[in-house]
Every structure is written in structure tokens, then in C-alpha cells.
2 protein chains.
Amino acid sequence: MERSTKQRAAIRDALKAADRPLLATEVLELAQRAVPSLGIATVYRTLKALVDQESLQVVELPGENPRFEFAHGHHHHFYCRDCGRVYDVHACAGEFVDIVPAGFVVKSHELTLYGHCADCQGHAVA
Amino acid sequence: MERSTKQRAAIRDALKAADRPLLATEVLELAQRAVPSLGIATVYRTLKALVDQESLQVVELPGENPRFEFAHGHHHHFYCRDCGRVYDVHACAGEFVDIVPAGFVVKSHELTLYGHCADCQGHAVA
DNA sequence: ATATGTGCAAAGCATTTGCGGAGAT
DNA sequence: ATCTCCGCAAATGCTTTGCACATAT
């Protein structure tokens with residue numbers, strides 16, 4: 001992550017413009033608007049480098065491909081069952097230290113909420 | 001899922017004997033003790049069928065391959081960072097309806113706890 | 001007897017990697 | 001000019017699928 005290239009700028013810009021974690025393929029599509037020749041391998045390599053240097057954090061939801069967003073501390077995520085987008089939830093409901101059996105030690109946790117986002121709430125019935 | 005075969009019996013037995021969710025490869029290894037010729041394709045096909053008929057439920061943890069266990073209602077999971085095993089946590093810390101922004105509706109949630117299990121607690125320092 | 005089930009090998013996806021050529025310094 | 005970076009294509013790991021043979025009913 002030493003040289004500054006138009007590919008890397010496009011990838012950073014795509015992630016910056018989005019207000020939510022993006023899939024590698026979403027990053028590719030968005031960044032290709034600036035650099036049409038961009039390849040998926042470069043996206044993966046750049047994402048990996050940014051994660052390694054802790055500029056990005058990986059958002060791994062159950063059964064989903066990894067998403068990426070700029071690092072901003074401990075928080076959780078909301079998955080919209082209608083549109084499939086993932087939103088940040090800037091709140092945390094506790095450490096859950098007390099719900100495990102004796103002898104188990106909780107060090108951290110991940111919470112994913114599922115439902116309907118504000119955008120999809122109007123037209124969705126369920 | 002109409003006929004009863006020794007392969008299916010071995011797969012069910014492996015899942016029944018384990019007190020925790022198993023990876024497809026773990027099911028294969030365990031079931032091969034009873035049926036050495038068992039192939040991974042049969043394991044996947046059988047797991048899929050059992051999930052479809054809701055005998056099994058899929059346990060998908062962030063960044064992990066899916067695990068399988070007999071269905072037994074809403075609960076959460078504990079991932080041991082030492083041994084990589086996953087344990088059931090028969091407790092639930094709430095519905096988290098209140099921590100999302102206005103306009104968002106929470107329908108369900110998944111919680112994963114990380115730490116050290118009772119087995120690994122003794123020898124693990126961190 | 002016949003339709004379902006199984007094992008093998010090939011096909012799919014998402015992600016990673018090797019390599020020769022392109023580009024930043 | 002040099003060394004890093006890029007795009008392509010091949011490789012990888014997990015899961016699914018096609019097909020011919022085996023087997024439960």
C-alpha cells in the first residue's frame with residue numbers, strides 16, 4: 001500500500017461514498033464508474049491491504065459474503081430482508097457475560113439484527 | 001428423504017452423538033466410522049434434505065462455514081477461540097427492538113459470543 | 001421392477017495467487 | 001530505471017450437480 005494509483009483511489013472513494021458496508025462486487029461496480037478496466041483481483045488485494053492496516057473493517061454476517069467499511073469502533077449491523085442492504089447500528093446491548101454456562105469466558109460478541117429498513121418499510125407488508 | 005439407508009443413519013447418528021453443531025466435514029469424518037465409503041456429496045445432500053424438512057437447523061457464524069444441529073428453537077452460540085468448537089447457549093438477551101434508528105423494524109436477531117470454553121479455560125492465558 | 005440414493009468427478013462461486021506487462025516514483 | 005501494481009487466467013476451498021451404478025421398497 002505504498003503507491004497511489006487511480007484504482008486505489010476509486011476503491012477508497014466507493015467505500016467512502018457508501019454509508020454502509022459493501023460487498024467486494026459492490027465495490028467493484030462502484031469503482032468501475034471511475035476506472036472501467038478495474039479488475040476484481042485488484043479490489044480484493046486492495047481491500048485486504050486496507051483491512052491489514054486497519055483502515056477498513058470486515059463485516060461478516062451469518063451466511064453472507066464479507067462486506068467492508070471504514071473502521072469506526074465496536075458496533076453492530078442491521079440486515080434488511082427486503083433489499084439485502086446492511087446498515088450500521090451505533091448501539092450495543094451489553095457484553096452478554098452472564099448468559100453462558102459456568103467455566104465459559106466471554107471476550108467479545110457479534111450481533112446481527114434482521115428486519116425491514118426505513119426505505120423498505122412502506123411497501124413491505126411482512 | 002423417503003428411503004432409509006445406512007448412509008443416512010450414519011449421518012443422523014453423528015449429529016445426534018455430538019452435543020454441538022458440526023461442520024459438513026466433521027459429519028463426514030464421524031459418519032465414515034460407520035460407513036467408510038460415505039462421500040461428501042451424500043453428506044451435503046442429506047444435510048440439505050434434513051434442513052428442508054426442518055429436522056436440522058443451520059448454524060451460520062460470521063466468517064465460518066455452516067454447521068448443522070438438530071432443531072431446538074431459538075438460541076445462540078458460543079465460539080471458542082482456542083479449539084474452534086461451537087457450543088449452544090440456551091439463553092437470549094432480548095429482542096433488541098429499541099437500538100435501531102426510527103423507521104427500522106427488527107424481526108429477529110443472531111448473537112455470537114466469542115471467548116474460551118470450559119475445556120480450554122485451564123490452559124489458555126488470554 | 002423401479003424409482004430413489006450413492007459415489008465419483010466435474011461444475012459453480014467467491015476469493016486468492018502467479019505471472020508478464022503497465023505505471024508510479 | 002526500478003520496483004510496485006494491475007489485469008488476466010489459473011488455482012483454491014466449499015458446496016452443488018450430472019451421471020451411471022447400487023439398493024431400498
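Letters A, B, ... mirror the listed sequences (proteins, then strands); counts begin at 1. Remember, it's a predicted structure, so these values are computed and weren't measured experimentally.
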Nearest-Å distance for atom pair CD/C1', residues A:Glu26 and C:dT15 | 16 Å

Under 4.0 Å between a side-chain N or O of B:Arg8 and OP1 or OP2 of D:dA24?
-> no

Using whole Å, report how far OH of A:Tyr44 lies from P of D:dA11.
-> 19 Å

A:Asn65 CG to C:dT15 C1', in whole Å, measures 9 Å

Rounded to whole Å, the NZ-C1' distance (A:Lys48 to C:dT17) equals 11 Å

Path from A:Val58 to A:Val43 over hydrophobic side-chain contacts below 4.5 Å | yes

Just how far, in rounded Å, is C1' of D:dC6 from CG of A:Leu28?
-> 13 Å

Protein-nucleotide distance (A:Gln32, atom CD; D:dC8, atom C1'), rounded to Å = 14 Å

Tell me which of B:Arg45 and A:Arg3 sits closer to the 5' end of DNA chain C, going by the nucleotide each one is nearest to.
-> B:Arg45

Heavy atoms, side chains only, cut-off 4.5 Å: are A:Glu110 and A:Glu60 in contact?
-> no

Verify the contact: side-chain N or O of A:Gln7 to OP1 or OP2 of C:dG23, cut-off strictly under 4.0 Å; return yes or no.
-> no

So how far is it from A:Arg8 CZ to A:Asp13 CG, rounded to the nearest 0.5 Å?
-> 14.0 Å

Would you kindly compare A:Val43 and B:Glu2 by the position of their nearest DNA chain D nucleotide and give the one closer to the 5′ end?
-> A:Val43

Between B:Thr42 and C:dG7, does any side-chain N or O lie under 4.0 Å from OP1 or OP2?
-> yes

Here the distance between atom P of C:dA14 and atom CD of A:Glu29, to the nearest Å, is 12 Å

Taking CD from B:Glu60 and C1' from D:dC14, how many angstroms apart are they, rounded to a whole number?
-> 13 Å

Describe the nucleic acid contact of B:Thr25 in one word from base, sugar-phosphate, nothing, applying a heavy-atom distance below 4.0 Å.
-> nothing

Donor-acceptor pair, side chain of B:His72 and main chain of B:Phe70, under 3.5 angstrom = yes

Return yes when atom CD of B:Glu54 has more than 12 non-hydrogen atoms of other residues, nucleotides or ligands closer than 6.0 Å, and no otherwise.
-> no

What nucleic acid atoms does A:Ile40 come within less than 4.0 Å of, heavy atoms only: base, sugar-phosphate, or nothing?
-> nothing

Would you indicate, yes or no, if D:dA24 has its OP1 or OP2 atom less than 4.0 angstrom from a side-chain nitrogen or oxygen of B:Thr5?
-> no

